[in-house]
Visitor: 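Mind having a look at this structure? Questions to follow.
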Amino acid sequence: QVTLVESGGGLVPAGGSLRLSCVYSGSTQFIPNIGTFAWYRQAPGQQREPVASIRYDGATNYAESWKGRCTISRDAAADTVVLQMNNLKPDDTAVYYCAADQSAYGSGYYSTRFYEYWGQGTQVTVSS
């Protein structure tokens, strides 16, 4: 019912910045009912973990390690969710995924099971 396509990943030196985009599409009846969009990441051999989320009303939520280093935003007119990441570290190397769900989530940690729709991911590599 919704398709998510990420872009913007790449290779960046430590301390650099990247802007990830997630373009979403689907039925005109379903899209307005999306409660929350989120970005997750998965490093090799690690579980997928949340980075940031944005609710339908604009409320945002960030993982502790990302506070002050990234900003999530949504451009409803362009059907896009953006993750601006700054001061990147080699440990940030991972595949970054966009996710969406009809539920409206508040602050706190939400595992992957809370999100029904996922993109294919975009690779972010931070060199030391």
Visitor: Would Phe37 and Tyr56 count as a close aromatic pair, with their ring centres under 6.0 Å?
Guide: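 No, the ring centres sit 6.0 Å or more apart.
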
Visitor: Is the backbone of Asp75 close enough, under 3.5 Å, to the side chain of Asp79 for a donor and an acceptor to pair up by distance?
Guide: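 A pair under 3.5 Å: no.
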
Visitor: Check the surroundings of atom CD in Gln120: do more than 12 heavy atoms from other residues, nucleotides or ligands lie under 6.0 Å from it?
Guide: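 Atom CD in Gln120 is not crowded, with 12 or fewer foreign heavy atoms closer than 6.0 Å.
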
Visitor: State, to 0.1 Å, how close Ser127 and Leu11 come at their nearest heavy-atom pair, and which atoms those are.
Guide: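 Heavy-atom minimum between the residues: CB-CD1, 4.2 Å.
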
Visitor: Write down the atom of Val81, the atom of Ile54, and the distance for their closest heavy-atom approach.
Guide: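 Looks like CG1-CG2, 4.3 Å.
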
Visitor: Kindly give the heavy-atom pair with the smallest separation between Glu116 and Asp101, and that separation in Å.
Guide: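 For Glu116 versus Asp101, the nearest heavy atoms are N-OD1, 3.0 Å.
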
Visitor: Which heavy atom of Ser17 sits nearest a heavy atom of Asn86, and at what distance?
Guide: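 That would be OG-OD1, 3.0 Å.
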
Visitor: Suppose the criterion is disulfide (SG to SG under 2.5 Å): which pairs have a residue in residues 8-86, not counting sequence neighbours?
Guide: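 Counting only pairs at least two positions apart or across chains, the disulfide (SG to SG under 2.5 Å) contacts touching residues 8-86 are Cys22-Cys98.
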
Visitor: Would you say the rings of Tyr115 and Tyr110 are close, in the sense that their centroids are separated by under 6.0 Å?
Guide: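 Between Tyr115 and Tyr110, which both carry aromatic rings, the centre distance is not below 6.0 Å.
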
Visitor: Taking a hydrophobic cluster as the set of Ile, Leu, Val, Met, Phe, Trp and Tyr residues connected by side-chain heavy atoms closer than 4.5 Å, whether directly or through intermediates, do Trp118 and Val2 fall within one such cluster?
Guide: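 No, Trp118 and Val2 fall in different hydrophobic clusters.
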
Visitor: Is atom OH of Tyr117 surrounded by more than 12 heavy atoms (other residues, nucleotides or ligands) closer than 6.0 Å?
Guide: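 More than 12 heavy atoms, drawn from other residues, nucleotides or ligands, come within 6.0 Å of this atom.
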
Visitor: Give the C-alpha distance, both sets of side-chain angles, the deciding distance and a yes or no for side chain to side chain contact (heavy atoms under 4.5 Å, CB included) between Thr122 and Val95.
Guide: CA-CA 5 Å; Thr122 184; Val95 178; 6.0 Å; no

Visitor: Would Val124 and Thr93 count as a side chain to side chain contact (heavy atoms under 4.5 Å, CB included) here? Give the steps.
Guide: CA-CA 5 Å; Val124 171; Thr93 295; 6.0 Å; no

Visitor: Working to the nearest 0.5 Å, report the span between CZ of Arg41 and CG of Asp91.
Guide: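 Interatomic distance, Arg41 CZ to Asp91 CG, rounded to 0.5 Å: 7.5 Å.
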
Visitor: Which pairs, with at least one residue in residues 23-67 and sequence neighbours excluded, count as a disulfide (SG to SG under 2.5 Å)?
Guide: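 Qualifying pairs, neighbours excluded: none.
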
Visitor: Would Met85 and Tyr96 satisfy side chain to side chain contact (heavy atoms under 4.5 Å, CB included), going step by step from the backbone distance to the final call?
Guide: CA-CA 11 Å; Met85 304 186 294; Tyr96 284 71; 3.8 Å; yes

Visitor: Atom OG1 in Thr3, atom OH in Tyr24: separation rounded to 0.5 Å?
Guide: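 Output value for this atom pair is 13.0 Å.
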
Visitor: Checking the side chain of Ser27 only, and the main-chain atoms of Gln1 only, is there a donor and an acceptor separated by less than 3.5 Å?
Guide: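 Here the side-chain-to-backbone pair does not exist.
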
Visitor: Got a donor-acceptor contact below 3.5 angstrom from the Tyr62 side chain to the Ser53 backbone?
Guide: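 Answer holds: no.
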
Visitor: Side-chain contact test, heavy atoms from C-beta onward, threshold under 4.5 Å: evaluate it for Tyr40 versus Val51 and give yes or no.
Guide: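 No, their side chains stay 4.5 Å or more apart.
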
Visitor: Can the positive tip of Arg48 be found less than 6.0 Å from the middle of the six-membered ring of Tyr97, inside 45° of the ring normal?
Guide: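 Verdict for Tyr97: a cation-pi partner in Arg48.
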
Visitor: Taking side chain to side chain contact (heavy atoms under 4.5 Å, CB included) as the test, write out the residues that go with Thr80, two or more places apart.
Guide: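 Thr80 satisfies side chain to side chain contact (heavy atoms under 4.5 Å, CB included) with Ser21, Val23, Ala78, Val82 once adjacent residues are dropped.
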
Visitor: Can you give me the closest heavy-atom contact between Trp39 and Ile72, atom names plus distance?
Guide: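 Heavy atoms of Trp39 and Ile72 come nearest at CD1-CD1, 3.7 Å.
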
Visitor: Output yes when Asp57 and Arg55 qualify as a salt bridge under the 4.0 Å nitrogen-oxygen rule, no when they do not.
Guide: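 Counted as a salt bridge, because a side-chain N and a carboxylate O are separated by less than 4.0 Å.
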
Visitor: How far apart are the closest heavy atoms of Arg69 and Asn87, and which atoms are they?
Guide: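 Looking at all heavy atoms of both residues, the shortest contact is NH1-O, 3.1 Å.
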
